[in-house]
Amino acid sequence: MSDNFLIEKAKISDIEEFINIMFTKDNKIEYSKKFREITEPQIKEDLSFVCKINNKIVGFTVLTKKENDEILIYTVFVDENHRRKGVATKLIQHSMNNARKIYKKAYFTLHVIVTNEKAINLYKKIGFKLTKTIPDFYLWIIPEGQERDKDKNYDGYEMEYHFD
């Protein structure tokens, strides 16, 4: 990873930059409104972080407090030009350590589509364990008005991390 990186708390004003690095021109309009509506209240919880290189956001995490001691890692995203450089690992670990300072008994959950082997391997390397498979969890990614691709797997894994 570059020596010029900085991890800092995410701000509401960062959401537009998240959208710009996360969505392509083709799907930006379709997904950005929903992403903004979901992400804004989560960022206000003060558990989310960005990674900047040369003052430009290259990755981010969005976390939210759920019931009991659960913290959901809602989003982990790294710009494709900065992947496989340790950005996601640093962001996840930093976010989890920060949340643990606030919520002492916190444990972490996340969801990942079963076909995303790189992400699954990253989460396992960090220490996440597969807890269940959720059939059709990712059906929401089908654009409105389009049919389900019968050859695509929309199942998701739920994974958990416990410090103790």
Side-chain angles (χ1 to χ4, degrees), residues 1-103 106-116 118-120 122-123 126 128 134 136-146 154 156-161:
M1 184 158 154
S2 170
D3 293 331
N4 265 346
F5 81 98
L6 172 68
I7 295 179
E8 60 186 36
K9 292 223 175 173
K11 302 180 295 286
I12 300 296
S13 59
D14 294 330
I15 293 175
E16 288 307 312
E17 203 164 342
F18 295 175
I19 288 168
N20 287 333
I21 66 172
M22 191 174 196
F23 301 113
T24 66
K25 217 174 11 175
D26 297 334
N27 66 13
K28 191 176 291 188
I29 293 170
E30 187 175 332
Y31 291 118
S32 62
K33 182 179 178 190
K34 184 175 183 177
F35 180 80
R36 188 179 293 104
E37 287 171 359
I38 292 169
T39 305
E40 188 170 320
Q42 293 175 348
I43 289 177
K44 288 178 180 177
E45 292 180 45
D46 220 21
L47 298 172
S48 304
F49 286 85
V50 298
C51 178
K52 292 182 176 181
I53 296 177
N54 298 325
N55 213 29
K56 181 177 179 344
I57 294 174
V58 299
F60 59 92
T61 57
V62 177
L63 284 71
T64 187
K65 175 77 170 73
K66 303 301 270 184
E67 295 176 13
N68 302 322
D69 296 319
E70 179 186 0
I71 307 264
L72 172 66
I73 299 176
Y74 175 73
T75 305
V76 176
F77 190 84
V78 176
D79 179 84
E80 63 184 48
N81 296 321
H82 297 280
R83 292 182 184 161
R84 312 236 6 112
K85 297 177 182 177
V87 173
T89 300
K90 293 284 188 197
L91 273 166
I92 293 166
Q93 290 172 334
H94 189 92
S95 298
M96 289 181 2
N97 287 331
N98 176 73
R100 185 90 189 282
K101 288 177 187 172
I102 299 166
Y103 303 102
Y107 72 94
F108 298 85
T109 60
L110 58 80
H111 299 98
V112 60
I113 196 162
V114 298
T115 55
N116 191 344
K118 289 179 182 176
I120 293 164
L122 167 69
Y123 302 141
I126 290 171
F128 280 85
I134 307 168
D136 291 336
F137 185 81
Y138 283 92
L139 281 178
W140 63 267
I141 66 174
I142 301 171
E144 197 171 313
Q146 286 190 15
Y154 294 95
Y157 288 138
E158 181 175 280
M159 300 181 81
E160 285 186 11
Y161 180 96

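- Here the side chain of Asn68 pairs no donor or acceptor atom with the backbone of Glu70 at under 3.5 angstrom.
- Both tests pass for Lys65 against the ring of Tyr103: distance under 6.0 Å to the centre and angle within 45° of the axis.
- Closest of all the heavy-atom pairs between Phe23 and Ser32 is CE1-CA, 4.3 Å.
- With a 4.5 Å cut-off on side-chain heavy atoms, Arg83 and Val87 do not count as touching.
- Heavy-atom minimum distance, Phe5 versus Ile53: CB-CG1, 3.8 Å.
- Ion pairing between a basic and an acidic side chain is recognised when a charged N comes within 4.0 Å of a carboxylate O; Glu40 and Arg36 show no such pairing.
- Checked by atom type and distance alone, the side chain of Ser48 pairs as donor or acceptor with a backbone atom of Leu63 at under 3.5 Å.
- From Tyr107, atom OH reaches atom NZ of Lys66 across 10.5 Å, with rounding to the nearest 0.5 Å.
- Met96 is listed as a side-chain neighbour of Ile73, based on a closest heavy-atom distance under 4.5 Å.
- For the pair Asp14 and Phe60, the minimum side-chain heavy-atom distance is 4.5 Å or more.
- Nearest heavy-atom pair, Leu122 versus Ile92, reported as atom, atom and distance to 0.1 Å: CD2-CD1, 4.1 Å.
- Of all heavy-atom pairs between Phe108 and Arg100, the closest is CZ-N, 4.4 Å.
- By the 6.0 Å contact criterion, NZ on Lys118 is open, its count of non-hydrogen atoms from other residues, nucleotides or ligands being 12 or less.
- When atom types are taken as modelled, the side chain of Tyr138 and the backbone of Val112 share a donor-acceptor pair closer than 3.5 angstrom.
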### Task
Kindly indicate, with the supporting measurements, whether the criterion side chain to side chain contact (heavy atoms under 4.5 Å, CB included) is fulfilled by Gln42 and Leu47.
CA-CA 8 Å; Gln42 293 175 348; Leu47 298 172; over 6 Å; no
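- Checking each of Val62, Thr64, Ile19 against Thr39 for a side-chain contact (heavy atoms from CB on, under 4.5 Å) leaves exactly one that passes, namely Val62.
- The backbone N or O of Gln93 lies less than 3.5 Å from a partner atom in the side chain of Asn97, making a donor-acceptor pair.
- Contact check for Val76 versus Leu110: no side-chain heavy atoms found under the 4.5 Å cut-off.
- With contacts defined as side-chain heavy-atom distances shorter than 4.5 Å, the pair Glu8/Leu6 qualifies.
- Panel note: side chain Thr61, backbone Phe49; a donor-acceptor pair is recorded below 3.5 Å.
- Using a 4.5 Å heavy-atom cutoff, the side chains of Phe35 and Thr75 are in contact.
- Nearest heavy atoms, Phe18 versus Val50: CE2-CG1, 3.4 Å.
- At most 12 non-hydrogen atoms from other residues, nucleotides or ligands lie less than 6.0 angstrom from CZ of Arg84.
- A heavy-atom distance below 4.5 Å is not found between the side chains of Lys56 and Asp79.
- The minimum heavy-atom distance between Lys11 and Ile43, with the atom names listed, is C-CG2, 3.7 Å.
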### Task
I would like to know whether Val78 and Val58 meet side chain to side chain contact (heavy atoms under 4.5 Å, CB included); could you show each step before the answer?
CA-CA 6 Å; Val78 176; Val58 299; 5.5 Å; no
